[in-house]
Amino acid sequence: TYTLNLLLSSIVKLKCYSAAIQLHMKMNLVGIEPDLCTLTILINCYCELGQVDHGLCLLGEALKRGYDPNQKTFSTLIKGLCEQGKGVYALQLFENMTEKGIEPSMVTLGTLITGLCKINEVGLALELLKKMSNGNCKPNGVVFSPVIVALCKEGSVDRALNLFSKVITDPSISPDVVLYSSLIHGLCNSRRLSEAIRIFDDMTSQGISGNVVTYNSLIHGLLQNGEWKEARKYFDEMVDRGISPNIITYNSLIHGLCQNGQWKDAKIYFNEMVNRGILPTVRTFNNLIDSFFKEKKIGEAFELFELMIKTDQKPIENNRCTQIARQFQEGKFSTTESWFKEMQSYGQFPD
RNA sequence: CAUAAAGACCAGGCCAG
C-alpha cells in the first residue's frame, strides 16, 4: 500500500487524475487495500476532476473502514467544495470537523479562506477570520494574504490596506514576503504606485527582502503606469541583489516596454533573456511580434514569427498578429491594398 | 519529520457590461 501511495502521488503530480483513480481500482481488485492516505489522494483526484460528490463518498468509505479522517482529508475536501463554488458546504464541513473533535490546522483554515476568497466570498472569509481570532487558535500570516488579494481585486484596496495594517501590528503574526507582495501587487494594479513603493520600502526596512515575485509586481505595475524608467531601475536593483529574473519578469518587461514604445529595449531584453537560458514563451513572442507590427517593423516581426515556430511554440489562434503573420507566410500580401487594409486594423498606416 | 492538505507575479482572443 505504501508503494501504491508513492506511485499514486507521482501520478497526481503529473495531473493524471483519472489514471490515478483507475490504478487504484485495479490494485483494489488484486487485493491491495487503500489506507487513509490512499483515500485522501483519491479524494483530491475526484475534486480535481470536478467530482466532489465522489470525494465525499470516499470520506464515507474511510469511515466505513474504521479510519479516522484527519486534517488532510478534510482540507482536501474543503478545497474541492470551494472549487465547485460550494463555499457554504465547505464552511459546514469545517464546522463539522471541529465538532467531531478534529482541530482544524492552520492549513485547513488557510485552505478554506483561500477557497472562499477565490469564489468571491470574501465576506464569509472575513467573518470566519473574525470568529477564529476570538477562538483559541489564532490565524497565522498565511491566511491573510488571500483576503488581501481578493479585497484588492474587487476594488476595496482601502479595506485591504486597513486589514494589512492590523495584521502587521498584531504581535502574534509575523508578516512575510508573500503578505507584503500580495498588497504590493494589489496597489500596483490599482495604479497606486507610490503607495506600493512605500510598502516595499517598509518591508525592506523590516528586514524582509523582496523576492522575484515582489519585483515582478512592481516592474509590471510601473510599466502599466508608463513609468518605464523606474521599472528598469527596479529590474537592475533586483539583478544587483542577486535575484534572478524569471520568464514572468521578462514577459512583463518586454510587453510593458513595447507598450511604452521602447521596442528597441524590449528586443535587447529578449536577447538577454535567451542568453540567460530562459526560454521565451508564446506570450513573449506574441508581445514582441505585435509590437513590431505596430511599429511597422514587418521584417523583424516575421523573423520572430519564424523563430517562434522553429522553437516549438504553437502560434496563438484567434489573434491578429498570428493571422497577419500567416498571411505573410502564405504570400497573400501581393497587393498593396490587402496589406493596407490589414494594417489599418492595427490602427496604423503603412508607409 | 515521512506517500496525502493552504497564500503573492506576465500576453492575447472570446463573452458580458
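If you're wondering where the values come from, they're calculated on a predicted model, not measured in any experiment. Heavy atoms only: backbone and side chains are in, while hydrogens, waters and symmetry mates are out. Each chain gets a letter, A, B and so on, in the order the sequences are listed, and its residues count up from 1.
One cannot find a donor-acceptor pair under 3.5 Å joining the base of B:A11 and the side-chain atoms of A:D290. Counting distance only, with no hydrogens placed and no angle test, the side-chain atoms of A:T40 and the base atoms of B:A4 include a donor-acceptor pair under 3.5 Å. Judged by atom type and distance alone, A:N70 reaches the base of B:A4 through a side-chain donor-acceptor pair under 3.5 Å.
When each of B:A8, B:A5, B:A11 is scored by its nearest atom to the side-chain atoms of A:S182, the top-ranked nucleotide is B:A8. When distances are taken from the side chain of A:T114 to each of B:G7, B:A5, B:A11, the shortest belongs to B:G7. Each of B:A2, B:G7, B:C9 was ranked by its minimum atom distance to the side chain of A:S217; first place goes to B:C9. For A:I248, counting side-chain heavy atoms from C-beta on, the closest listed nucleotide (B:U3, B:C10, B:A2) is B:C10. Which of B:A11, B:A5, B:G7 sits closest to the side chain of A:H220 comes down to B:A11. Checked against B:A4, B:C10, B:A6, the side chain of A:K79 finds its nearest nucleotide in B:A6. Side chain of A:S145, nearest nucleotide from B:G7, B:A5, B:U3: B:G7. With B:G7, B:A11, B:A5 as the choices, the nucleotide that has an atom nearest any side-chain atom of A:V107 turns out to be B:A5. If you check B:C9, B:U3, B:A8 against the side chain of A:N246, the one that comes closest is B:C9. In this structure, of B:C10, B:A5, B:A8, it is B:C10 that holds the atom nearest to the side chain of A:R283.
Taking atom CG on A:L58 and atom P on B:A4, their separation rounds to 18 Å, with Å as the unit. Across the protein-nucleic acid pair, A:L187 atom CG and B:C9 atom P stand 14 Å apart, rounded to whole Å. Straight-line distance from the NE2 atom of A:H185 to the P atom of B:C10: 4 Å, rounded to whole Å. Distance OH (A:Y234) to P (B:C10): 19 Å, rounded to an integer number of Å. Put simply, CZ on A:F292 is 19 Å from P on B:A11, counting in whole angstrom units. Atom-to-atom, CD1 of A:I219 to P of B:A8 comes out at 19 Å; the value is rounded to the nearest Å. Atom-to-atom, NZ of A:K153 to P of B:C9 comes out at 7 Å; the value is rounded to the nearest Å. When rounded to the nearest whole Å, the span between CG of A:L304 and P of B:A11 equals 19 Å.
Across all strands shown, A:T38 has no heavy atoms under 4.0 Å from either base or sugar-phosphate atoms. As judged by a 4.0 angstrom heavy-atom cut-off over every strand, A:V149 is placed among residues touching the sugar-phosphate backbone only. Residue contacts for A:N189: at a heavy-atom cut-off of 4.0 Å it reaches no nucleic acid atom on any strand shown. Across all strands, A:N44 comes closer than 4.0 Å to no nucleic acid atom at all (heavy-atom distances). Among the heavy atoms of the strands lying under 4.0 Å from A:D176 is at least one base atom, whether or not backbone atoms are also near. Within 4.0 Å (heavy atoms only), A:L179 reaches at least one base atom of the nucleic acid. Residue-level contact check: A:T111 touches the backbone only, with heavy atoms under 4.0 Å from sugar-phosphate atoms and none from bases.
Checked by atom type, the side-chain pair A:N44/A:T76 shows no donor-acceptor distance below 3.5 Å.
Residues A:F302 and A:F292 place their aromatic rings such that the two centres sit no closer than 6.0 Å. Here the two rings, on A:F74 and A:F94, have centers that are 6.0 Å apart or farther.
A distance of about 25 Å separates the C1' atoms of B:A4 and B:A8, rounded to the whole Å. Nucleotides B:A2 and B:A6 are separated by 15 Å at their P atoms, to the nearest Å. B:A5 and B:C1 are spaced 15 Å apart, taking the P atom of each and rounding to whole Å.
Salt-bridge formation is detected for the pair A:E230/A:K233: a Lys NZ or Arg NE/NH1/NH2 atom is positioned less than 4.0 Å from an Asp or Glu carboxylate oxygen.
Counting heavy atoms from C-beta on, the side chains of A:K138 and A:D170 never come closer than 4.5 Å.
For the pair A:Q71 and A:I102, the tightest heavy-atom approach, listed with the atom from each and the gap, is CG-CG2, 4.0 Å.
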ring-ring contact (aromatic ring centres under 6.0 Å, His included) evaluation trace for A:F200 with A:Y215: CA-CA 9 Å; A:F200 179 81; A:Y215 279 98; 5.4 Å; yes
